[in-house]
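Note that ligands are numbered from 1 as they come in the structure, with each ligand's atoms numbered from 1 the same way. Quick note: residue numbers are just sequence positions, from 1.
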Amino acid sequence: MGRSAQLIERARHHIPGGVNSPVRAFRSVGGTPPFIVSAHGAWLTDADGNRYIDYVGSWGPMILGHQHPAVVDAVRRQASIGTSYGAPTELEVEMAELLCRRVPGLEQVRLVNSGTEATMSALRLARGATGRDAILKFEGCYHGHSDSLLVKAGSGALTFGVPTSPGVPADLARHTLTTPYNDLAAVEALFAERGRELAAVIVEPIAGNMNCIPPAPGFLAGLRALCTQYGTVLIFDEVMTGFRVHPQGASGLYGITADLVTLGKIIGGGLPIGAFGGRADLMSQIAPVGPVYQAGTLSGNPLAVTAGLTLLRLLDDPHLYDKLDTWTERFISGLREAAETAGVPFFARHIGSMFGLFFTAAASVDDYATVTSCNAAAFNSFFHAMLERGVYLAPSLYEAGFTSAAHGARELDRTLAAAAEAFAEVAKGAQ
Ligand code: KE4
């Protein structure tokens with residue numbers, strides 16, 4: 001038995017499922033999750049010495065690859081003078097100023113420790129500011145695991161078939177309304193009936209937790225107009241898309257400005273972080289200035305902020321996003337060709353360095369229903385065939401994948417060579 005197999009057995013004694021986040025357990029794809037011991041650039045190394053080209057990137061933060069020297073040096077320097085103070089620091093001021101310069105609509109911002117905290121706090125602010133209780137989210141979208149948002153959620157909740165989690169009081173869940181993603185007519189009908197009750201609409205401007213689904217033309221603009229008309233707070237959850245798909249996130253890519261934006265992942269450079277921010281008239285209602293309470297022992301932690309600031313400054317490169325897009329286009333095109341050669345029904349897309357793979361004969365996948373109709377067995381077979389060949393994809397057909405600036409010609413060649421064999425295995429298994 002290899003080290004990872006031993007470690008997952010040992011881990012299960014004291015950690016639920018042996019993991020600290022469900023999707024890592026490989027429950028939906030089966031098999032033993034590799035226990036990672038180190039990472040560098042586009043590569044991971046597991047406890048058995050196996051190396052993998054990484055297309056998860058810690059679920060988003062590693063847009064420049066693992067262990068970027070500038071980020072590591074900055075964290076090392078900060079750690080040598082202090083790791084946490086529980087007091088304000090100039091670093092947090094610099095981070096707030098940078099985020100407000102780069103993110104459309106951000107006039108003020110509050111740092112927290114995860115995407116979950118960011119969306120939970122943004123919702124509380126929207127409810128406090130409007131005096132309304134109801135919120136609208138979209139089926140298959142995931143905004144972290146706070147109670148109001150674990151209703152028809154995506155990501156791990158979808159993977160494990162508990163989109164609405166036990167433990168969420170019915171009295172609370174009833175305030176969370178849901179409609180299908182990309183169905184603007186359904187949203188218009190809901191607003192016509194209950195618009196004046198809605199505190200907030202929270203949306204992933206690109207849905208990355210039911211695989212990778214872009215907004216239909218006009219969808220985001222429609223949400224913007226309805227929220228403006230009914231005095232509802234529009235929240236863009238850019239925890240995944242922020243600084244990923246465009247220097248100004250999905251807000252910049254699609255030219256729509258929300259009232260509040262939530263961020264995470266990339267802005268922490270691989271350390272725990274989240275943020276929520278937006279219109280000053282809303283943010284001024286947050287304690288200690290306003291009555292809406294929100295707090296955090298490690299919010300604005302110097303190590304996380306140093307890592308994030310260093311990474312965000314490196315992302316201020318006009319050519320970087322074109323480079324990421326070009327490489328990812330070559331990667332996705334190569335996968336499509338390999339699938340076609342093997343005769344495997346397959347659809348793939350990318351938006352910059354964020355991508356989605358779908359085992360389906362459908363010409364496109366643009367909504368939750370089509371995602372859930374994809375061939376899970378084919379995906380699982382492909383996933384393991386790639387893992388065996390040193391390619392680490394997201395272990396769920398409901399997750400988006402990520403490339404990085406550290407992925408180069410060697411990684412492309414090796415990935416596509418593995419894919420040719422993996423698709424052939426899928427085709428053989430389908431016979
Ligand atoms: P965290 O609480 O996991 O930092 O962020 C929650 C969150 C909020 N909003 C969006 C759009 C997100 O994608 C996430 C978390 N993303 C998942 C991956 N799909 C994290 C991976 C995991 O749960 O282990």
**Request:** With Ser84 as reference, evaluate Thr89, Leu298, Thr297 under the side-chain contact (heavy atoms from CB on, under 4.5 Å) test and give the passing residue.
**Result:** Leu298
**Request:** Return the protein residues near ligand 1 (heavy atom under 4.0 Å from any of its atoms), ordered by chain and residue number.
**Result:** Ser21, Val23, Trp59, Ser114, Gly115, Thr116, Tyr142, His143, Gly144, Ser155, Glu204, Asn209, Asp237, Val239, Met240, Lys265, Glu399
**Message:** So, applying side-chain contact (heavy atoms from CB on, under 4.5 Å) with Leu320, which one of Leu315, Asp325, Leu314 is it?
**Reply:** Leu315
**Asked** According to the salt bridge (charged side-chain N to carboxylate O under 4.0 Å, His left out) rule, which pairs have a member within residues 376-404, sequence neighbours left out?
**Response** Arg389-Glu421, Arg389-Glu425
**Request:** Using the test ring-ring contact (aromatic ring centres under 6.0 Å, His included), find all partners of Phe379 that sit at least two apart in sequence or belong to another chain.
**Result:** none
Please set out all donor-acceptor pairs under 3.5 angstrom arising from side-chain atoms of residues 32-40, sequence neighbours excluded.
none

**Message:** Strictly distance-based, threshold 3.5 Å: is any side-chain N or O of Lys137 a donor or acceptor partner for the main-chain N or O of Val151?
**Reply:** yes
